[in-house]
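Read through the structure below, which is laid out as structure tokens, and then see the notes.
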Amino acid sequence: MVLVTARTVGIMGLGRMGLTLAAGFSRAVEPARLFVAGRSVSSIERVRAAVPTATVLPPADLADRATLVVLCVRNVDLPDVLAVVRPRLSAEHIVVTINNALPLSRLADSVPCPVAKLIPSVGNEIGAGATLLMPGPGLSEDAVAELTELLQGFSRPFVIDERQGRAATDLASCGPALLASVAQSMIAAQIERGAPLPPGLAEQLLAQSIDAVSRLLDHGTPLAEIVDRVAVPGGNTAAAVEASRDGLAAAWRAAFWATADNERSKPLPAL
């Protein structure tokens, strides 16, 4: 669904998340309104192959063509990137960062326009998954509504408070990788116990289970009800749920403490 919008979109930084958002926004805006800028030849080649409709620009020219500037770079690289982009920014722009750890107040103090955070999900490149939008200083309600509509072109957007960012990111953005890792461990456990299943078949079967859960959730079935429907008292599934419950809870507590600790360990840039 390509939206007719006056907003032009510029993606600065063409790493994994930059490519994901470039592909996502290519579903939401007309080709003439999507611009990308990278800092290496290899990244530019990747985006030209993945999103051939996007116009590639030098980083210094991005803000001249795009009114929504999405900075898909690491915190450590933000000062250099802003030094290039900032001279062309005006009050008409919106600057967005995908760095969850960077306080929006700090970004707002360094640019002459409203700011926000946008946390993507790997599924955005195929028009699936969540996006997390955290409005920052100067971003009006009308601008939030406009960005939300734009994000609906390739995702299901959730407008959240910045204080919710870490926990929400664990579930929405880290979630696909975490769930895929769980699926891998389930398959590995079956193979290790000598199950007569080729890995390819095991992956296909589990993919169908994941798809079924997703469809049930889309139809409004709560997670607890899905468990109760299958894990009937005294049955095999109930035995499996009971055996794994404590270990899974401990593993997820450890996982989410790890994301929080890792985020806190990264120094904030001087913008």
Side-chain angles (χ1 to χ4, degrees), residues 1-3 5 7-29 33-39 43 46-47 49-51 53-54 62 66-78 81 85 94-104 107 114-136 139 143-181 214 256 259-260 262-263 266:
M1 178 181 65
V2 175
L3 304 177
T5 176
R7 184 69 62 181
T8 49
V9 179
I11 310 292
M12 176 63 217
L14 301 174
R16 291 180 181 178
M17 285 296 100
L19 285 173
T20 292
L21 283 175
F25 276 113
S26 73
R27 294 171 170 267
V29 299
R33 296 188 180 278
L34 179 61
F35 304 91
V36 296
R39 294 179 296 159
S43 68
R46 285 194 299 270
V47 79
V51 193
T53 56
L62 192 65
T67 55
L68 175 65
V69 178
V70 186
L71 304 178
C72 299
V73 297
R74 300 175 302 165
N75 272 344
V76 68
D77 297 321
L78 266 177
V81 168
V85 174
I94 298 174
V95 169
V96 172
T97 178
I98 66 167
N99 287 301
N100 197 58
L102 181 69
L104 283 169
L107 179 61
V115 299
K117 285 183 189 176
L118 172 62
I119 307 299
S121 169
V122 67
N124 296 166
E125 62 191 50
I126 59 169
T131 46
L132 305 176
L133 177 63
M134 294 171 246
L139 196 69
V144 171
E146 179 188 9
L147 292 182
T148 301
E149 182 181 12
L150 189 56
L151 295 173
Q152 285 173 341
F154 62 90
S155 69
R156 182 173 176 186
F158 293 82
V159 179
I160 64 172
D161 187 271
E162 187 176 14
R163 293 170 298 179
Q164 300 171 309
R166 179 66 263 151
T169 298
D170 284 340
L171 301 177
S173 185
C174 303
L178 294 174
L179 292 174
S181 178
S214 178
F256 296 142
T259 60
N262 189 66
E263 185 169 88
K266 305 294 175 60

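We use all heavy atoms of the structure for the numbers below, so side chains are in, but hydrogens, waters and symmetry mates are not.
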I'd like to know if the side chain of T8 and the backbone of R33 have a donor-acceptor N/O pair within less than 3.5 Å.
no

G127 versus R27, closest heavy-atom pair with distance:
N-NE, 3.5 Å

Would the distance check show the side chain of Q164 and the main-chain N or O of D161 forming a donor-acceptor pair, the cut-off being under 3.5 Å?
yes

Taken to the nearest 0.5 Å, the spacing of C174 SG from R166 CZ works out to 5.0 Å

Closest non-hydrogen atom pair between S173 and I119, with its separation
CB-CG2, 3.6 Å

Atom CG of L68 and atom CD1 of I94: how far apart are they, to the nearest 0.5 Å?
6.0 Å

Looking at L150 and V9, what are the two nearest heavy atoms and their distance?
CD2-CG2, 4.1 Å

Please confirm whether the backbone N or O of R16 pairs with a side-chain atom of T20, one donor and one acceptor, at under 3.5 Å?
yes

Would you say the side chain of L19 lies within less than 4.5 Å of the side chain of V36, judging by non-hydrogen atoms?
no

Answer whether the closest heavy-atom distance between the side chains of V70 and M12 falls below 4.5 Å.
no

For residues K266 and R74, determine if any side-chain heavy atom of one lies less than 4.5 Å from a side-chain heavy atom of the other.
no

If I take atom SG from residue C72 and atom CG from residue L21, how far apart are they, to the nearest 0.5 angstrom?
5.0 Å

Closest heavy-atom contact between A37 and L14?
O-CG, 3.8 Å

How long is the span from the CD1 atom in I98 to the OG1 atom in T131, to the nearest 0.5 Å?
12.5 Å

Taking atom CD1 of I160 and atom CG of L132, what is their separation to the nearest 0.5 Å?
4.5 Å

Less than 4.5 Å apart, side chain to side chain, heavy atoms only: is that true for L34 and V51?
yes

Nearest 0.5 Å, please: how far is CD in E263 from CG in N75?
9.0 Å

So does L104 get a backbone contact from the side chain of E162, meaning a donor-acceptor N/O pair under 3.5 Å?
yes

Tightest non-hydrogen contact, residues A66 and G10, listed as CB-N, 3.3 Å

Answer yes or no: is there a donor N or O on one side and an acceptor on the other, between the side chain of N99 and the main chain of V73, under 3.5 Å?
yes

Can you tell if the side chain of F158 reaches within under 4.5 Å of the side chain of L133, non-hydrogen atoms only?
no

Classify the side-chain pair N124/S155 by whether it contains a donor and acceptor separated by less than 3.5 Å.
no

Ignoring hydrogens and geometry, is there a side-chain-to-backbone donor-acceptor pair from K117 to G165 under 3.5 Å?
no

Can you give me the closest heavy-atom contact between P176 and V122, atom names plus distance?
CB-CG1, 3.8 Å

